[in-house]
Amino acid sequence: MSSDRERLASACPTQHPPSTVQLAHGGGGRRMRQLIEGVFLPAFANPTLLARHDSAVVDVVPDVTSRGRVALTTDSYVVKPLFFPGGDIGRLAVFGTVNDLAMAGARPLHLTAAFILEEGLALAALRRIVESMRDAATEAGVAIVTGDTKVVDRGKGDGVFITTTGVGLVPPGVDIGPHRVQPGDAVLVSGDLGRHGIAVLSVREGLAFASPIESDCAALASCVAALLAAGVTLHCLRDLTRGGLAAALNEIAMDANVGVLLDEPAIPVSEPVRGACELLGLDPLHVACEGRMTLMVPAASVERALATLGSGAARIGQVVEAHPRVVVLKTGLGGSHTLDLLAGEQLPRIC
Amino acid sequence: MCLGVPGEVLSIASDELRMGRVSFGGVVKEVSLVYAPEAAEGDFVIVHAGFAIGLIDAAAAARVFAYLDALGEVLPEEPHP
Amino acid sequence: MKYVDEYRSGAEARRFIAAIRRVVTRPWSIMEVCGGQTHAIVRFGIEELLPPEVSLLHGPGCPVCVTPCEILDQALALAGRPEVTFCSYGDMLRVPGSDGDLFTVKAKGGDVRVVYSALDALALARQNPAREVVFLAVGFETTAPAHAMAAHRARIDRVRNFSLLVSHVLVPPALAAILSASDRRVDGFLAAGHVCTIMGTDEYERLARDYGVPIVVTGFEPLDLLQGIHMCLRQLEEGRAVVTNQYERAVGPRGNEAARRLLHEVFEVVPRRWRGLGELPASGLALRPSFAAFDATLRFGMSAGAAAEPAECISGLVLQGRKRPTDCPAFGTRCTPDSPVGATMVSAEGACAAYFRYRPRSARDVV
């Protein structure tokens with residue numbers, strides 16, 4: 001099919017360049033080359049990418065003074081709509097993977113990016129996404145060193161799906177993960193909850209509402225580096241994505257076989273996010289963030305960690321020996337209940 | 001059932017559904033005020049499933065706390081039904 | 001948020017709890033009949049703050065839970081039709097019918113949309129004249145006026161590709177059914193505030209008188225619930241049984257007359273089957289014959305087959321306050337929110353699902 005289209009395209013030299021993604025853009029021919037040279041290379045330009053080899057060849061250890069272990073992570077990004085207040089799928093695709101590296105204490109170095117484009121996607125939209133990825137990569141201090149593009153038939157994708165893989169370097173002596181969590185550790189969050197999820201919902205078809213809420217999507221790597229530099233002992237870090245704080249803490253509680261006891265009034269949620277949650281019947285503790293993390297640190301590191309994280313951060317609870325693998329929320333009234341994982345996506349409710 | 005959320009009326013259009021902008025902690029949703037004919041800008045209404053179903057009576061709202069204050073020694077008469 | 005935050009004050013709540021302790025001298029069972037109240041009770045951990053004499057029972061107050069299986073089967077059949085765009089509140093998407101839920105239909109290619117309001121469904125119909133837009137109209141008296149307005153506007157504006165699958169229920173007949181049971185365990189009711197915002201309190205006066213039961217119209221925030229409980233306990237302790245109104249800020253004795261007028265113009269009272277309770281006379285609303293053109297069952301020639309409910313499930317007894325969710329052998333094992341067996345596990349407001357999701361922790365578990 002695509003080769004027929006390609007032949008037709010080359011038979012019509014006067015044809016204007018298309019304004020939307022076509023199957024030919026993934027067909028391996030001239031259109032694909034135009035897409036790569038016109039959209040991706042100029043945005044992501046760096047020597048490794050410009051070498052245009054089948055593989056990006058990079059130094060694992062970027063300079064002679066660096067040592068450490070390699071961190072690797074991969075993630076796929078789908079979001080509807082592609083653009084939302086405070087971000088877009090491109091920023092998510094860079095920051096999400098950078099943040100996964102950062103949660104292991106790694107300094108992010110390189111990203112790869114694979115795009116599944118839907119036939120009919122406006123090239124202007126793709127350009128906007130790619131430029132946004134470029135800016136996000138610059139912000140996070142990583143280079144996008146290799147990539148791939150495929151095009152699927154119209155109706156087979158939501159405009160664009162992006163998969164990014166990240167490589168980072170974990171400095172010697174840094175060991176962060178659920179295995180280090182201990183009863184007595186303090187539980188912190190780096191900022192207020194739920195902005196990303198609510199920002200996306202606010203522009204979703206059928207639910208639209210006007211709100212001052214912008215997505216919190218941001219890179220956390222520099223923040224983690226600052227914590228390490230300040231001498232904070234980090235036992236575990238987890239970025240809050242799908243399922244929000246509730247999902248992150250339940251995962252850690254299960255992986256580390258500990259209990260978590262939260263103090264609900266201490267959990268920071270902004271007034272508009274609370275308003276939107278009340279309106280739609282959602283629980284902010286289950287709403288996604290894209291630039292927030294929860295931290296488990298020993299009591300001695302709490303003050304320094306909060307000072308390094310800045311004013312939005314808060315101590316919200318502690319790791320306990322009681323009720324292993326269960327997260328319990330103590331409410332402002334003095335009651336308490338289990339904070340569970342959701343069965344699925346949180347849906348707006350009317351009852 | 002019936003998630004009803006208090007919000008402040010910001011503006012009201014003059015269409016047949018009396019669509020109005022209502023703020024919930026800064027988040028603004030278009031809802032119908034057709035069932036709250038007496039609601040005006042600045043009033044608080046209870047919103048359920050896209051409709052304001054009633055106005056909030058500010059004086060009555062404060063009585064929840066007055067009830068508590070009066071509970072001290074002698075239990076007071078309850079609010080009128 | 002004004003009118004929310006102040007009613008969640010921990011300090012005020014403690015004063016109410018102290019007052020509740022002072023007023024109670026023996027065991028009482030109080031039932032709330034609103035999913036929103038059930039949700040708040042478990043979410044704020046209110047039960048564990050009450051003295052042991054006070055038991056809260058969670059009644060049939062969640063429309064998602066009481067919508068009978070045959071309506072869900074009709075919804076699934078309609079949503080699967082190629083010409084239909086099926087609109088529902090988010091609550092209903094995971095409720096299982098005889099064979100799957102609306103998510104299953106969506107996964108098979110059905111056009112299923114979550115809407116916030118019936119007016120959004122009507123707008124979809126206007127924007128897509130080639131599609132048949134069907135709205136799943138479930139709910140209590142609170143929600144019926146919203147659906148009445150959608151049908152009313154559709155008729156005035158001649159929106160011919162819009163219809164409603166109606167399964168509305170009414171609160172007082174369910175209370176009467178619970179109060180009529182020979183082994184009734186309910187001593188007093190917290191009536192659903194927002195239902196009364198629409199309907200007023202008249203119907204409840206009759207119930208209180210006929211059955212000698214105190215009924216307190218109650219709001220949804222923690223302090224509302226605690227005050228409602230206190231007001232109910234006072235009546236019980238004093239041997240009174242009248243209707244009082246805790247939720248004065250949003251409920252007047254006559255309710256919302258504009259909303260009720262349109263409700264009665266569009267809907268008529270009919271017998272209705274309740275999931276878990278069976279058929280109750282004069283307990284539901286259906287479109288009047290003058291709105292037959294907007295009745296999805298007529299438009300698509302649906303027949304109301306009867307669907308059997310799972311034999312193991314005790315949700316009928318739970319909804320009447322005769323059993324607790326944890327009395328069920330399937331609770332939390334064979335029946336969870338991920339794979340619900342019965343009515344009360346299907347939505348977050350259902351008594352079983354609320355219990356499961358916010359399992360109260362006993363005090364010794366909490367440091």
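We use all heavy atoms of the structure for the numbers below, so side chains are in, but hydrogens, waters and symmetry mates are not. In what follows, every chain begins at residue 1, and chains take the letters A, B, ... in the order their sequences are listed. Since the structure is predicted, the reported quantities are computational estimates derived from the model, not experimental observations.
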Between E278(A) and R8(C), is the closest basic N to carboxylate O distance under 4.0 Å?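 Judged by the 4.0 Å cut-off on N to carboxylate O distance, R8(C) and E278(A) do form a salt bridge.
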Is the number of heavy atoms from other residues, nucleotides or ligands under 6.0 Å of [X] [atom1] greater than 12?
{"X": "R180(A)", "atom1": "CZ", "answer": "yes"}
{"X": "R131(C)", "atom1": "CZ", "answer": "yes"}
{"X": "R334(C)", "atom1": "CZ", "answer": "yes"}

Nearest 0.5 Å, what's the [atom1]-[atom2] distance between [X] and [Y]?
{"X": "L333(A)", "Y": "L225(C)", "atom1": "CG", "atom2": "CG", "answer": "10.0 Å"}
{"X": "F103(C)", "Y": "L347(A)", "atom1": "CZ", "atom2": "CG", "answer": "4.5 Å"}
{"X": "R43(C)", "Y": "L339(A)", "atom1": "CZ", "atom2": "CG", "answer": "10.0 Å"}

Could you pull out the closest heavy-atom pair between [X] and [Y], with the gap in Å?
{"X": "F356(C)", "Y": "D340(A)", "value": "O-OD2, 3.7 Å"}
{"X": "L49(C)", "Y": "G335(A)", "value": "CD2-N, 3.6 Å"}
{"X": "L280(A)", "Y": "Y116(C)", "value": "CD2-CD1, 4.1 Å"}

Atom group of L341(A) that falls short of 4.5 Å from chain C, counting heavy atoms: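 No part of L341(A) comes within 4.5 Å of chain C.
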Proximal component of L223(C), with respect to chain A [non-hydrogen, under 4.5 Å]: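 No part of L223(C) comes within 4.5 Å of chain A.
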Is there a donor-acceptor pair under 3.5 Å between the side chain of H337(A) and the backbone N or O of G45(C)?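 It does not hold such a pair.
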Output every pair passing side-chain hydrogen bond (donor to acceptor under 3.5 Å, both in side chains) with a member in residues 181-195 of chain A, not counting sequence neighbours, ordered by first then second residue.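 Only D185(A)-H235(A), D192(A)-R195(A), D192(A)-R292(A) qualify under side-chain hydrogen bond (donor to acceptor under 3.5 Å, both in side chains).
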Please name all residues satisfying side-chain contact (heavy atoms from CB on, under 4.5 Å) with V203(A), sequence neighbours left out, ordered by chain then number.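 side-chain contact (heavy atoms from CB on, under 4.5 Å) list for V203(A), sorted by chain: P81(A), F84(A), P85(A).
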